[in-house]
Amino acid sequence: MIAFTDKSDYELVMAVVDGQQHAFDELLQRYKNLVYSVVLRMVNDREDANDQAQEIFIKLYKNLEKYRPDYKFSTWVIKIATNHVIDFRRRTKNEVLVSHLEDTDHEQSEFAPSPEEAYIAKEQTRQLAEMLQELPEMYRIPIVLYHQQGLSYQEISEIVNEPMSKVKNRIFRARKLLKENLTMKGEASYGV
Amino acid sequence: MACEKYTDMMMDYMDGNLSDVEQNELKQHMEECNACNEDFAAYSEILQGFNELEIIEAPEDFAASVMAKIYELNLYAPKKASVKERLVDGAIFAAWVSVATVLFGGIGFAIFGNGAVHFAQIQGFYTLSNIFEAITVASQSIIAAIGSFLASIGNWSESSMVVYSIAFFALFAALLLLQVYIIPRQKAAVERNRVSE
């Protein structure tokens with residue numbers, strides 16, 4: 001079997017289309033965590049995320065011939081992933097608002113924070129994940145792609161098919177909504 | 001409100017686009033403005049939260065399950081050529097064989113038979129000054145070769161030999177055009193249609 005690890009994404013796509021199916025496994029290894037996390041942030045249920053992410057990869061495979069290298073492959077992947085999840089949610093009207101995905105205790109950090117620090121950090125992360133779920137989709141998708149996946153405004157604008165100015169505005173608006181939400185929660189927990 | 005400017009600065013800060021000078025300006029403002037100070041603390045907390053939100057790893061058997069489905073789908077297996085494609089390929093191959101038989105048979109006949117005189121003229125082929133002459137002589141030889149071949153199988157007049165020679169060249173050129181230009185273009189067009197479906 002040929003080693004595909006040093007091939008570019010586009011070379012792998014061409015190899016698959018050319019009949020070398022196992023080249024797709026390398027694409028899977030490169031993008032499975034990205035797709036899975038993006039989907040999990042959007043559907044908020046590990047089992048659904050697993051099913052959706054698998055369906056997304058099948059969709060990618062079926063559409064490989066349509067991929068053009070003018071896009072970065074990762075941008076194309078996320079574009080298909082977000083569209084797929086939006087469709088899925090529309091179909092199932094599955095607007096789950098409560099977060100129960102932050103059972104990431106097994107992922108340990110290299111330095112050991114004090115138990116209180118660890119608790120606060122974990123609590124903040126949990127709170128953010130929860131607040132993200134409450135954001136309308138039009139704000140949540142761009143802000144997750146920008147801040148969590150590190151995509152540029154340009155890339156997000158290609159993914160959501162909106163002008164860059166609109167994407168930027170939505171991200172600004174999303175930050176403000178998160179901030180207001182956070183302030184409100186802070187006031188509530190301190191009884192202000 | 002004047003604070004709007006500083007909110008914009010906070011956005012630039014979150015984008016990593018705030019210069020040192022602007023950062024100082026923002027800091028100074030926040031020392032005087034409690035609301036902006038609180039906003040900034042909240043934004044920092046959000047940024048921090050995003051940094052903590054890790055990329056979550058897909059389940060262990062994820063890739064294997066996807067690959068199993070993909071092997072089952074097997075969309076891009078090398079396709080078998082259709083009957084039409086095989087017929088076209090066969091016809092082209094037969095035409096090449098016929099032309100080659102006539103040309104090389106003729107050349108062979110020219111060398112060892114009547115055409116020996118023409119071939120002898122290619123002496124000195126390797127010197128550069130003779131190259132054009134050599135090409136001319138070579139084409140003459142081929143025409144002569146075809147002529148000789150035709151002469152060997154029947155009783156032909158000289159002018160009809162020339163006509164037939166030209167016909168062979170035309171056939172040769174047409175085959176070449178078909179093989180290197182027309183067929184690949186047609187295949188590409190079919191491929192494009194298949195992709196865009």
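Bear in mind that the values here come from a model prediction, so they are computed numbers and not experimental data. So that the names make sense, note that chain A is the first sequence line, chain B the second, and so on, each numbered from 1.
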Do [X] and [Y] have their ring centres less than 6.0 Å from each other?
X: A:F57; Y: B:F62; value: yes
X: B:F93; Y: B:W96; value: no
X: A:Y146; Y: A:Y153; value: yes

Point to revise | chain A interface, residue from B:T7, B:L73, B:V66, B:D15 that has the most non-hydrogen pairs under 4.5 Å | key: B:D15
Review point. Which residues in residues 23-40 of chain B have a heavy atom less than 4.5 Å from any heavy atom of chain A?
Key: B:D39
Check your understanding: Any luck finding a side-chain donor-acceptor pair between A:D9 and A:Y67 under 3.5 Å?
Key -> no
**Study point:** Ion pair A:E26/A:K7, N-O distance below 4.0 Å
**Key:** no
**Study point:** Euclidean distance, A:E137 CD relative to A:R170 CZ, rounded to 0.5 Å
**Key:** 11.0 Å
**Study point:** Distance (rounded to the nearest 0.5 Å) between A:Q52 CD and A:H84 NE2
**Key:** 4.0 Å
Point to revise | Atom group of A:E55 that falls short of 4.5 Å from chain B, counting heavy atoms | key: neither
Practice item. Tell me, for A:E180 versus chain B, whether the close heavy atoms (under 4.5 Å) come from the side chain, the backbone, both or neither. Key: neither
With a 4.5 angstrom heavy-atom cut-off, which part of [X] approaches chain A: side chain, backbone, both or neither?
X: B:D8; value: neither
X: B:N74; value: both
X: B:M14; value: both

Revision key, fill the gap. Tested for side chain to side chain contact (heavy atoms under 4.5 Å, CB included) against B:I46, the lone hit among A:L132, A:N181, A:L178 is A:L178
Review point. Looking at A:N63, A:L64, A:L28, A:V144, which one has more heavy-atom pairs under 4.5 Å with chain B than the rest?
Key: A:L28
Check your understanding: Would you find a donor on one side and an acceptor on the other, under 3.5 Å apart, between the side chain of A:Y71 and the backbone of A:I159?
Key -> no
